[in-house]
Structure formats: structure tokens, C-alpha cells
Amino acid sequence: MSNSPHPAPIDADIAVVGAGLIGVSSALALARQGHRVVVLDTQEPGRGASYGNAGHLATEQVFPIADTSILKSLPGMLMDPMGPLRLDWKYLPRALPWLTRLMLNLRSTPFAQSVAGIGALNALSLAAWQRLLASVNGAHLLKADGSLLVYEKSESRHKLEALESRMCHEKVPVERWEREAIQQEAPQLSTALLGGLFFPGTGHVLDPSWIIQTLVDAAQGQGVRFSQETVGSAQVTETGVRLVTNRRELTASRVLLACGAHSAALTAQLTGKRVPLDTERGYHLMLPREHDSLPFAVTSLERRFIMTPMATGLRLAGTVEFAGLNAPPNMARAWQLHRLSHGLFKRDLDAEGATPWMGFRPSLPDSLPIIDRVEKGRVLLAFGHHHLGLTQAAITAEIIATLAGTEGSSPLDTAMKRPGLPPLEPYRLARFG
Ligand SMILES: Cc1cc2nc3c(=O)[nH]c(=O)nc-3n(C[C@H](O)[C@H](O)[C@H](O)COP(=O)(O)OP(=O)(O)OC[C@H]3O[C@@H](n4cnc5c(N)ncnc54)[C@H](O)[C@@H]3O)c2cc1C
């Protein structure tokens, strides 16, 4: 990545701001269409939320991040600093408008719209990743081996059954597994686990940062330039867009905003719209000595975290913390994941050399990303993928390339006529007024 003090002027059709999974996959797709692309990021590619996610291609997760049970959890969220859901008291005034919108989205009509919107993307996601990785000789980086949700308390069974029936209703492939099936397929897990749901249409990646690096290499091979700089302001002009970074001013015909949880300010500058984007901070603990500990990703229903077997060790990940973009991480929450794993396996997991991490999930209150083309085609938007940014990155890139591949003035429904793409309406910026 270039970061020389006197950068050369940039001549690009499309400037992509943000080199996370969404920005990098989209940059590659755009370059393959013949666009000259530059990607700008404050950091090296893939050091944001995309670095430390749980690596789960979570196509089964078609429900919004909250349902009515969150109302009961709210007091606990405020009281328990180590709980799976945590709301920092100091952040409460900032979070309230977002939480209010989240509550309004629990009403049946918007809730059903969110489920349909998430489901439409997820249904296409695994195949999109398989296409993308095959095209960069990276098919081995994805294991389409399914994933398992386990429960251990008999009183949880009705919750599991209710979830299974809602998932069947949404046509999510799901199998019920009893204790014996779990022991047969994942003998490392404790016999105390009573059963679970297996999702055959899911998978996991060997390491998200390996995926990013493979995509960056492929994008560079297609002529994409990566430059380490922070975009401070952005403006639509008569002929394109002007971006001012900490190192220079540059112009491009179009911009793609893919700054994850940091996308709101530039969206407001470019479109005049204030999007209710907040962050659900999440943590992981990487256990580098745990190899072959699991055959696929396993989530605990009661303990509410996931364990994913990666090439670099076992990753324990999860938790949601509302504390904004500026508060320092509370790494005790990451270490807590190791304590939470006690009792799920036949032996305690080895935490020697473990590394904690925190990242910012980019979250909108309706649990849908913004994927859109606005300002006469000069501004493309792809952010807000909350818990599903890895899952939905490859299909998002296909949509963005399709939107960019048509003339700015042509109607979006024409752009989206390509078979295998979902209708764009649920993801449009205009839903926020
Ligand atoms: C603990 C945890 C576990 C998760 N597990 C999963 C999972 O298993 N499956 C799944 O599908 N998803 C998961 N996610 C969610 C997923 O990681 C995110 O949705 C996804 O990484 C978002 O990608 P992105 O490219 O939009 O954002 P990011 O990866 O955050 O990238 C945005 C980039 O923009 C850059 N940037 C921001 N502002 C500027 C600026 N002004 N100028 C230049 N650069 C800028 C940042 O430096 C950053 O590199 C998880 C997230 C967390 C935190």
C-alpha cells in the first residue's frame, strides 16, 4: 500500500473509500468491469471489522439483530458489564435514537421487511463467495461444511424448537440434531450438550484476513491501486466527486463509500442524508494452540457466542456492546469468551498465546445494509452490513458492479434486471427519508 509523503495525483474512474471486505470485494468486481479503481483507507486493507470477525458464512441468520425479547434484556444490558449484550451508561443518550428506531422496527410490517431483505441477500451469499474465491484461486479458503447451534439446558428446548420452526418458515435449510448426532460429528464437545440445530447451507472461512489479502492481490493484479490515506471530506461536483484526504485532494468520476461503521459523515456530505448508523462493538479471543478442536463453527444458544475453527487456531467471538466508536475497548469482554467456553468441551480450551480483539460492526436499526447508487450515479454506497458483512460481501460486490455498469441516469430497476440479483429496494438509502 502506498503511503509516500508526496503522493502522485490520482486518475481514477472510481475511488473506493474503505478497504474492508466490502470495499475490497467491490473494488475487484469494478476493476474486472474495466473501471480504473483506487482504494483509500486510513489503515492497511482489512484492519477494520473485517479483520477479526467470526469467519462464519451465516446464511442462516435471516432475522434482525433484535426481536421483542430485547425489551426484557434492556435492564440487564445496563447492569452487567460482562453480559453478552452491554450498553455503556455514558453512551445511552447517544444510543437512544438508534435504539428507538430499533424498537419501532420490531413492529410486524417492518420486521417482516427486514427478514425478507436479509433473506434475499443471504440466499445468494454462499454461491457468490464460491464464485468469487474460485475466480482468485482461493476456493480452499472457504469450508462449506455447515454450522451448529447447541443448547445445554432443558428449558431452552422450546426456544430452539421455536427458532427451527421460524427458520423453516423462511426456507432456511435446518436439521435437528440430538446429543448422539453431536457426539458423532463433533466428539470434542461435552456430552452435557442436549442437542441443537445444524445448518447445512452455511460455512466458514479459514481466516478472514487471508481472504482479504487474496482479494487485494487479485485486485492489484487487475490494476487497482491501494493508498493509505484518510478521506476527511467529500463533495459531488458537476463532473464527478472531489475528495480531500489527509494527504491530498483528488477527483474521480465516482465514489464508492464502504467505510463500515464510519460511513455516516461522508454519506451526509455527499448526499445530504443523515443515516442512523451506529456500531455494535464485538470481541474475539483467538486461541492459536487450538487446532482441529471443531469440525465446523459452533454457537451456544445460552452463552451466546460462536467458536470457529480457523487455520490460525480457534476463534471465540461474539458479544454486542453499545459504547460508540471512540471509547477504548474493554478487552476483559474478549477474555470472558474463554471462561464462557468452559463446559462446552470435554476439556478446557488452551488459552496460551491467546490474543483479544475488538471491532466495530456497522449497524443500521433495520438490520439491512445500504447498497445503492445515488446522485446521478456519482455516489455508490455499500455499508451497514452489521453481523453479516463477511457473509454478504461477495453478493454486495456483484450488486455494486451491476449498479456501476449502467449509465448513471438509467433506472435502477434496469440495472438490477440481471438474473441472480435481489431487488434493490430494501437496501436503498431513501428508506431513511
Ligand atoms: C466480533 C465480530 C464478529 C463478527 N462475525 C461475523 C461473522 O461471523 N460473519 C459475518 O458475516 N460477519 C461478521 N461480523 C461482521 C463483519 O465483520 C462486518 O459486517 C464487516 O467486516 C464490515 O465490513 P466493511 O468492509 O463494511 O467494514 P470494515 O471492515 O470496518 O472496513 C471499513 C474500512 O473503512 C476504513 N475507513 C473508515 N473511514 C475512513 C475514511 N474516512 N477514510 C479512509 N478509510 C476509512 C476503515 O479503516 C476500515 O478499514 C462480525 C463482526 C464482529 C465485530
Side-chain angles (χ1 to χ4, degrees), residues 1 15-27 39-61 65 118 121-122 125-126 129 147 202-205 208-209 211-212 215 226-234 243-247 255-267 269 277 279-286 297 299 305-308 310 315-321 325 329 333-334 337 356-364 367 369-371 381-397:
M1 196 170 207
V16 176
V17 189
L21 279 159
I22 304 294
V24 172
S25 322
S26 301
V39 183
L40 310 169
D41 197 304
T42 310
Q43 317 176 70
E44 291 283 323
R47 306 304 294 187
S50 299
Y51 173 81
N53 62 62
H56 174 37
L57 291 169
T59 55
E60 88 287 7
Q61 292 180 13
I65 51 177
I118 302 169
L121 283 179
N122 282 8
S125 288
L126 189 58
W129 265 117
S147 58
T202 63
H204 69 274
V205 297
S209 61
I211 299 269
I212 294 260
L215 295 176
F226 286 83
S227 184
Q228 203 169 332
E229 47 198 300
T230 301
V231 178
S233 66
L243 307 178
V244 180
T245 79
N246 57 333
R247 298 171 58 212
V255 65
L256 166 63
L257 274 192
C259 307
H262 298 84
S263 301
L266 292 176
T267 302
Q269 290 172 28
L277 181 69
T279 181
E280 294 169 81
R281 296 148 55 113
Y283 290 82
H284 87 215
L285 187 70
M286 194 68 198
T299 302
F305 78 107
I306 187 168
M307 304 172 289
T308 308
M310 296 189 180
R315 181 164 293 178
L316 316 183
T319 90
V320 167
E321 179 184 52
L325 293 168
R333 289 180 68 77
L337 294 166
W357 173 89
M358 186 273 284
F360 300 110
R361 296 185 190 91
S363 299
L364 291 154
S367 298
I370 293 176
I371 309 172
L381 303 166
F383 60 84
H385 293 74
H386 60 101
H387 295 234
L388 293 171
L390 167 68
T391 306
Q392 297 173 347
I395 188 66
T396 297

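Since this is a predicted model, take the numbers as computed values, not measurements. Atoms within each ligand, like the ligands themselves, are counted from 1 in listed order.
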Nearest 0.5 angstrom please: [X] [atom1] to [Y] [atom2], how far?
X	Y	atom1	atom2	result
Ile212	Tyr51	CD1	OH	11.5 Å
Leu121	Ile395	CG	CD1	7.0 Å
Gln228	Thr42	CD	OG1	8.0 Å
Met358	Glu321	CE	CD	7.0 Å
Met286	Leu337	CE	CG	12.5 Å
Ser147	Ile306	OG	CD1	6.5 Å

Side chain, backbone, both or neither: which part of [X] has a heavy atom under 4.0 Å from ligand 1?
X	answer
Val17	side chain
Ala58	neither
Tyr283	backbone
His387	backbone
Glu229	backbone

Between [X] and [Y], is there a donor-acceptor pair closer than 3.5 Å when you use the side chain of the first and the backbone of the second?
X	Y	result
Arg361	Asn53	no
Ser125	Thr59	no
Gln269	Ala234	yes
Thr308	Ala297	no
Asn246	Gly232	no
Thr245	Glu229	no
Ser50	Gly46	no

Counting only nitrogen or oxygen atoms and a 3.5 angstrom limit, does [X] reach ligand 1?
X	value
Gln43	yes
Ala54	yes
Ala382	no
Ala19	no
His262	no
Val231	yes
Arg361	no
Glu280	no
Gly23	no
Gly359	no

Please list, in number order, the atoms of ligand 1 under 4.0 Å from a heavy atom of [X].
X	result
Gly55	8 (O)
Leu21	25 (O)
Leu388	10 (C), 11 (O), 12 (N)
Thr391	9 (N), 10 (C), 11 (O)
Ile22	23 (O), 24 (P), 25 (O), 26 (O)

> Can you tell which of Gly260, Ser363, Pro362 gets a heavy atom nearest to atom 22 (C) of ligand 1?
Replying inline: Pro362
> Can you tell which of Thr299, Leu325, Asn53, Val39 gets a heavy atom nearest to atom 14 (N) of ligand 1?
Replying inline: Asn53
Please write down residue, atom name and distance for the protein heavy atom closest to [atom].
atom	value
atom 23 (O) of ligand 1	Ser50 OG, 3.2 Å
atom 31 (O) of ligand 1	Gly20 CA, 3.5 Å
atom 30 (O) of ligand 1	Ala49 N, 3.0 Å
atom 45 (C) of ligand 1	Thr42 OG1, 3.7 Å
atom 20 (C) of ligand 1	Gly389 CA, 3.7 Å
atom 32 (C) of ligand 1	Cys259 C, 3.6 Å
atom 8 (O) of ligand 1	His56 N, 3.0 Å
atom 49 (O) of ligand 1	Asp41 OD2, 2.6 Å

>> Can you classify the ring geometry of Trp357 versus His284 as parallel (below 30°), tilted (30 to 60°) or perpendicular (above 60°)?
In response: parallel
So is [X] close enough to ligand 1, meaning a heavy atom under 4.0 angstrom away?
X	answer
Phe383	no
His386	yes
His204	no

Any side-chain heavy-atom pair of [X] and [Y] under 4.5 Å:
X	Y	value
Asn122	Gln392	yes
Pro369	Ile22	no
Asp41	Arg47	no

>> Heavy-atom count check: over 12 atoms from other residues, nucleotides or ligands less than 6.0 Å from Phe305 CZ?
In response: yes
> Yes or no on side-chain contact (heavy atoms from CB on, under 4.5 Å) for Leu277 and Thr267, after CA distance, side-chain angles and deciding distance?
Replying inline: CA-CA 10 Å; Leu277 181 69; Thr267 302; over 6 Å; no
